[in-house]
Novice: 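First, the structure itself, so that you have it in front of you.
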Amino acid sequence: MRMRRKKHLDEKIAKCSNLILTPPITSDYREEVKNKEYIDFNEIFGSSKPLVMEIGCGKGKFICELAKREPDKNFIAVEVNPNVLCSACELAETEGVNNVIYIKCGAEVLTKYIKPHSIERIYLNFSCPFPKKAYENRRLTNIRFLEIYKEILSASGDIHQKTDNMGFFEYSLEQYSLAGFRLKNVSLDLHNSNFENNIVTEYEKKFSELGFRIYRLEAFPN
């Protein structure tokens, strides 16, 4: 079900403008990404700490908690939905998190704004599985996105993915293989494993309480 637009959303987004980068997309993204406009995150954060990214940050609970746990890193949260992006920014301000910046854009244009091999880790938490075959290329683990991640990940970088959807998880495993990624720490039941320091997202809490298994993996480009 589509989220209802927040009241006074534009005003709320404007109040968070110090946290949100809204790069303009003026044409077809395939043409847009050819013209690079790399964002200088060292200047934005005032430091050259390692960069970590979450794609599809939702309301921001995960990225805020991670940023508090790892103050020696800077965090980039990517979200295209302005409603939840607004909530994420408000949470960061409320909790005094100062090492997170938000980008309002889709993952397909990341190579326009992110320098090659500059991201240490990418988190994909409970991405939309787009169950209809016609929408397969929108899945954030589709090979077209994995090639984008390869371009922005550092030589030692990796992807950490979690989902409650077994079919989507199986699909993701296939796509990582096709894209030449190596897999590590694959879990078919995260909450009954020995994995430590897991940050539970909003979706994760909801679906695990309903009895769904949580699937997790780490992927490394070769």
Side-chain angles (χ1 to χ4, degrees), residues 3 6 9-25 37-128 140 145 148-149 151-154 156-163 196-206 216 218:
M3 180 183 292
K6 288 178 179 288
L9 178 61
D10 293 339
E11 292 91 333
K12 290 179 178 179
I13 290 289
K15 287 182 180 179
C16 299
S17 60
N18 61 313
L19 295 178
I20 303 175
L21 303 178
T22 54
I25 303 298
E37 297 179 22
Y38 295 137
I39 297 169
D40 188 341
F41 290 103
N42 289 350
E43 180 179 349
I44 289 172
F45 286 111
S47 70
S48 58
K49 297 175 183 177
L51 294 172
V52 174
M53 174 180 288
E54 182 184 16
I55 300 176
C57 71
K59 295 181 180 179
K61 178 181 177 182
F62 174 87
I63 200 72
C64 277
E65 178 60 29
L66 186 62
K68 287 188 289 185
R69 291 187 186 186
E70 301 185 12
D72 57 329
K73 297 176 183 176
N74 289 326
F75 295 86
I76 304 165
V78 178
E79 178 58 59
V80 72
N81 185 313
N83 272 329
V84 292
L85 181 63
C86 179
S87 297
C89 292
E90 290 173 345
L91 179 63
E93 290 195 323
T94 298
E95 300 198 359
V97 178
N98 59 12
N99 57 334
V100 179
I101 199 76
Y102 299 84
I103 304 180
K104 184 181 179 297
C105 74
E108 62 270 14
V109 297
L110 286 175
T111 56
K112 177 178 177 66
Y113 302 107
I114 308 298
K115 292 179 181 178
H117 311 303
S118 62
I119 304 298
E120 180 182 87
R121 177 166 294 158
I122 293 174
Y123 287 93
L124 300 174
N125 291 316
F126 300 88
S127 309
C128 180
L140 288 179
F145 286 112
I148 290 172
Y149 309 153
E151 187 170 335
I152 63 175
L153 278 170
S154 66
S156 60
D158 60 5
I159 298 171
H160 288 196
Q161 180 188 357
K162 289 195 290 186
T163 181
E196 298 179 352
N197 300 318
N198 180 49
I199 298 175
V200 178
T201 73
E202 297 95 332
Y203 277 109
E204 186 171 351
K205 182 175 186 297
K206 173 183 176 181
R216 182 186 181 277
E218 298 170 14

Novice: Would you indicate whether the side-chain heavy atoms of Asn197 and Arg69 approach each other to under 4.5 Å?
Specialist: yes
Novice: Using modelled atom types only, decide if a donor and an acceptor are shared between the side chain of Glu79 and the backbone of Asn81 within a distance under 3.5 Å.
Specialist: yes
Novice: Between Phe145 and Glu108, does the side-chain contact (heavy atoms from CB on, under 4.5 Å) criterion hold? Intermediate values first, please.
Specialist: CA-CA 7 Å; Phe145 286 112; Glu108 62 270 14; 3.9 Å; yes
Novice: Any sub-3.5 Å donor-acceptor pair from Ser127's side-chain atoms to Leu124's backbone N or O?
Specialist: no
Novice: Could you tell me whether Lys68 atom NZ has more than 12 heavy atoms of other residues or ligands within 6.0 Å of it?
Specialist: yes
Novice: May I ask you to check whether Ser47 and Asn74 show a side-chain donor-acceptor distance below 3.5 Å?
Specialist: yes
Novice: Find out whether Met53 and Val78 are in side-chain contact, i.e. whether some heavy atom of one side chain is under 4.5 Å from a heavy atom of the other.
Specialist: yes
Novice: Between the main-chain N or O of Gln161 and the side-chain N or O of Tyr123, is there a donor-acceptor pair closer than 3.5 Å?
Specialist: no
Novice: Short question: side chain of Asn99, backbone of Lys73 - any donor-acceptor pair under 3.5 Å?
Specialist: yes
Novice: Quick one: which of Ile55, Thr111, Ile114 gives a side chain to side chain contact (heavy atoms under 4.5 Å, CB included) with Ile148?
Specialist: Thr111
Novice: Ignoring hydrogens, what is the shortest heavy-atom contact between Val100 and Phe45? Give both atom names and the distance.
Specialist: N-CE2, 3.8 Å
Novice: Would you indicate whether the side-chain heavy atoms of Glu93 and Leu19 approach each other to under 4.5 Å?
Specialist: yes
Novice: Could you tell me whether a side-chain N or O of Arg121 sits under 3.5 Å from a main-chain N or O of Leu153, the two making a donor and an acceptor?
Specialist: no
Novice: How about Ile39 and Ile103: do any of their side-chain heavy atoms sit closer than 4.5 Å?
Specialist: yes
Novice: Not counting sequence neighbours, which residues clear side-chain contact (heavy atoms from CB on, under 4.5 Å) with Asn198? List them please.
Specialist: Lys162, Leu190, His191, Phe195, Val200, Glu204
Novice: Looking only at heavy atoms, which two atoms of Pro71 and Lys49 are closest? And how far apart?
Specialist: O-NZ, 2.9 Å
Novice: To check you understand the geometry: which heavy-atom pair defines the closest contact between Tyr149 and Leu140, and what is its length?
Specialist: OH-O, 2.8 Å
Novice: Answer yes or no: is there a donor N or O on one side and an acceptor on the other, between the side chain of Glu120 and the main chain of Leu51, under 3.5 Å?
Specialist: no
Novice: Got Leu85 and Val80 here, is their nearest side-chain heavy-atom distance under 4.5 Å?
Specialist: no
Novice: Could you check if a side-chain atom of Ile76 sits within less than 4.5 angstrom of a side-chain atom of Phe41, using non-hydrogen atoms only?
Specialist: yes
